[in-house]
Student: 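What follows is a single structure, and I will ask about it in a moment.
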Amino acid sequence: MTDNNTIIKMDMGTMQSNTHAAGKPVLCLGIESSCDETSAAIVDSNRNVLAHIVYSQIPEHQKYGGVVPELAARAHILAIDTVVKQTLDAAGKNIDDIDVIAATAGPGLIGGVLVGWMAATGIAQSTGKPLVAVNHLEGHALVPRLSATAANGTGKGASVDFPYLLMLASGGHCQILLVRGVGKYELIGQTIDDSAGEAFDKVSKMLGLGYPGGPIVDKRAQMGNPKRFHFPRPLCDKPNCDFSFSGIKTAARIMLDKNTEQVNDEFINDFCASFQSAVVDCIINRLNHAMDTEIVKQVKPKTLVVAGGVAKNSAIRAAMEKLATTKNMIFAAPPMNLCTDNGAMIAWAGIENWRIGNIVQEPIAPRPRWPLTEL
Ligand code: KG4
Ligand code: ZN
């Protein structure tokens with residue numbers, strides 16, 4: 001999710017050349033529509049984002065306190081043609097200039113996924129261009145290879161090489177994965193109930209702060225005392241790498257019910273800071289466990305990566321960067337606008353899949369559920 005409707009045109013500089021037959025970089029048009037953003041981007045194989053349009057539906061869902069799937073699907077239908085056309089115009093390209101078409105084919109809200117997927121299929125069929133069915137989670141997982149802020153002296157925009165250890169935290173997912181390559185994911189741990197993003201959104205709703213909750217709670221937490229309230233750290237004593245956030249959410253509900261008279265700005269800031277600090281502790285504890293697993297010790301990933309909407313969180317980024325430093329790893333996170341859902345990550349995953357020949361050969365059915373480990 002983005003904070004508002006934005007039009008972003010960027011040039012990330014040339015980093016690595018992967019060219020097709022004519023020696024020119026490959027241009028991919030990527031379409032994302034799996035939740036409440038209708039987004040398209042044109043990205044090339046040299047890691048340039050030529051144009052990127054994100055139409056956010058947040059204003060349409062805000063009054064319901066969350067995404068309403070039917071409204072989202074309808075809004076995608078109304079926006080998709082304009083968003084694709086604006087993206088081509090912003091890049092100064094027409095459809096004949098594009099080499100590859102990519103779109104999210106799942107997982108996500110199926111009505112929205114269908115809109116973007118059918119648009120991409122229509123373009124690919126009418127132009128004869130190759131079509132890539134992108135797994136939305138793979139879009140998040142690979143986008144740090146398009147653009148990432150890396151610490152440990154490697155500077156900004158360093159490309160992220162395989163294998164890497166990934167904390168994927170979004171509104172729908174919370175997983176630790178070992179990323180060995182395109183389509184090669186090993187699940188190290190995941191939530192057994194809510195996702196981290198859901199926990200942020202629900203706590204924000206309880207406090208009457210609005211939707212989406214993550215950015216608001218993050219902002220309020222920066223002004224608060226993280227030690228004032230005690231939130232549980234579920235599963236942190238367990239030897240595996242799984243998460244649980246529903247207990248933190250319940251603790252929040254009970255604490256709020258007990259203190260209704262005290263709720264003022266300072267209370268809310270301290271509450272957000274204390275809640276966020278519990279989430280950060282869980283993430284760091286679980287990542288520490290992940291680094292101690294046999295598989296991770298054997299593969300020895302050099303980079304620790306955070307991706308997904310929750311990767312925008314300032315405290316999570318800072319804590320993960322610190323963890324990476326103590327473990328002698330590089331830390332990498334996508335720039336803010338590539339953390340929440342966006343078309344650029346789909347276009348980049350389109351290029352990465354196209355490179356290994358992973359293009360659609362016959363009609364496929366988009367999937368509401370599509371774990372990365374099934375790629
Ligand atoms: O990846 P994303 O855009 O959508 C899904 O694929 O689910 O992630 C959206 C989630 C929302 O739950 C939102 O509250 C959360 O990312 N989020 C944040 C922050 N910004 C967005 N969570 C914590 N801190 C933030 N700054
Ligand atoms: Zn997402």
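One-based numbering, in listed order, for ligands and for the atoms of each. The analysis underlying the following values was restricted to heavy atoms, covering all of them including side chains, and did not include hydrogens, waters or symmetry mates. In what follows, residues are counted from 1 in the order of the sequence shown.
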Student: Rounded to the nearest 0.5 Å, what separates atom CE in Met118 from atom CD1 in Ile80?
Tutor: 12.0 Å
Student: Between Thr340 and ligand 1, does any nitrogen or oxygen pair lie at a separation below 3.5 Å?
Tutor: no
Student: Please say whether Gly308 places an N or O atom under 3.5 Å from an N or O atom belonging to ligand 1.
Tutor: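 No; every N/O pair is 3.5 Å or more apart.
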Student: Does this structure show an ion pair linking Glu60 with Arg74, if we count only N-O contacts that are shorter than 4.0 Å?
Tutor: no
Student: Is there a nitrogen or oxygen of Pro212 sitting under 3.5 Å from a nitrogen or oxygen of ligand 1?
Tutor: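 There is no such contact.
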Student: Does a salt bridge link Arg253 with Asp257, judged by any charged N lying under 4.0 Å from a carboxylate O?
Tutor: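 A salt bridge is present here (some side-chain N lies under 4.0 Å from a carboxylate O).
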Student: Just jot down the ligand 1 atoms closer than 4.0 angstrom to any heavy atom of His140, in number order.
Tutor: 1 (O), 6 (O)
Student: Go through the steps for Phe231 and Phe245 under the test ring-ring contact (aromatic ring centres under 6.0 Å, His included), then give the verdict.
Tutor: CA-CA 11 Å; Phe231 283 87; Phe245 292 108; over 10 Å; no
Student: Quick one: do Lys312 and Asp218 make a salt bridge, cutoff under 4.0 Å?
Tutor: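 Salt bridge between Lys312 and Asp218, a charged N being under 4.0 Å from a carboxylate O: no.
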Student: Should Gly172 be counted as touching ligand 1, given the test is an N or O pair under 3.5 Å?
Tutor: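 Right, the criterion is met.
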Student: Tell me which N, O or S atom from His136 is the closest to the Zn ion (ligand 2).
Tutor: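 That would be atom NE2.
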Student: For Cys174, which of Glu198, Met167, Arg286 qualifies under side chain to side chain contact (heavy atoms under 4.5 Å, CB included)?
Tutor: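 When Glu198, Met167, Arg286 are each tested with Cys174, the side chain to side chain contact (heavy atoms under 4.5 Å, CB included) holds only for Met167.
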Student: Take atom CD in Gln222; do more than 12 heavy atoms of anything else shown fall under 6.0 Å from it?
Tutor: yes
Student: Heavy atom of His136 under 4.0 Å from ligand 1?
Tutor: yes
Student: What I want to find out is whether Asp89 reaches Lys85 closely enough, with some N-O distance under 4.0 Å, to be called a salt bridge.
Tutor: yes
Student: Does only the side chain of Asp201 get under 4.0 Å from ligand 1, or the backbone, or both, or neither? Count heavy atoms.
Tutor: side chain
Student: Which residue is it: Arg220, Lys227, Arg228? I am looking for the one with a side-chain hydrogen bond (donor to acceptor under 3.5 Å, both in side chains) to Asp270.
Tutor: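 Of all the options given, the one that passes is Arg228.
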Student: Which of these, Glu374, Gln175, Glu138, sits in a side-chain hydrogen bond (donor to acceptor under 3.5 Å, both in side chains) with Tyr185?
Tutor: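 Only one option passes, and that is Glu138.
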Student: Closer than 4.0 Å to some heavy atom of Gly197 - which atoms of ligand 1 meet that?
Tutor: 12 (O)
Student: Within the structure, is a non-hydrogen atom of Cys35 found at a distance of less than 4.0 Å from ligand 1?
Tutor: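 Distance cut 4.0 Å: Cys35 fails for ligand 1.
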Student: Show the atoms of ligand 1 that are less than 4.0 angstrom away from any heavy atom in Gly171.
Tutor: 5 (C), 7 (O), 8 (O), 9 (C), 10 (C), 12 (O)
Student: For a distance under 2.8 Å, tell me if His173 has an N/O/S atom near the Zn ion (ligand 2).
Tutor: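 Checking His173: none of its N, O or S atoms is under 2.8 Å.
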Student: Asp341: which N/O/S atom is nearest the Zn ion (ligand 2)?
Tutor: OD1
Student: With nothing but distance in play, are any N or O atoms of Asp218 less than 3.5 Å from an N or O of ligand 1?
Tutor: yes
Student: Does any N, O or S atom in Cys35 come within less than 2.8 Å of the Zn ion (ligand 2)?
Tutor: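 It does not: Cys35 brings no N, O or S atom closer than 2.8 Å to the Zn ion (ligand 2).
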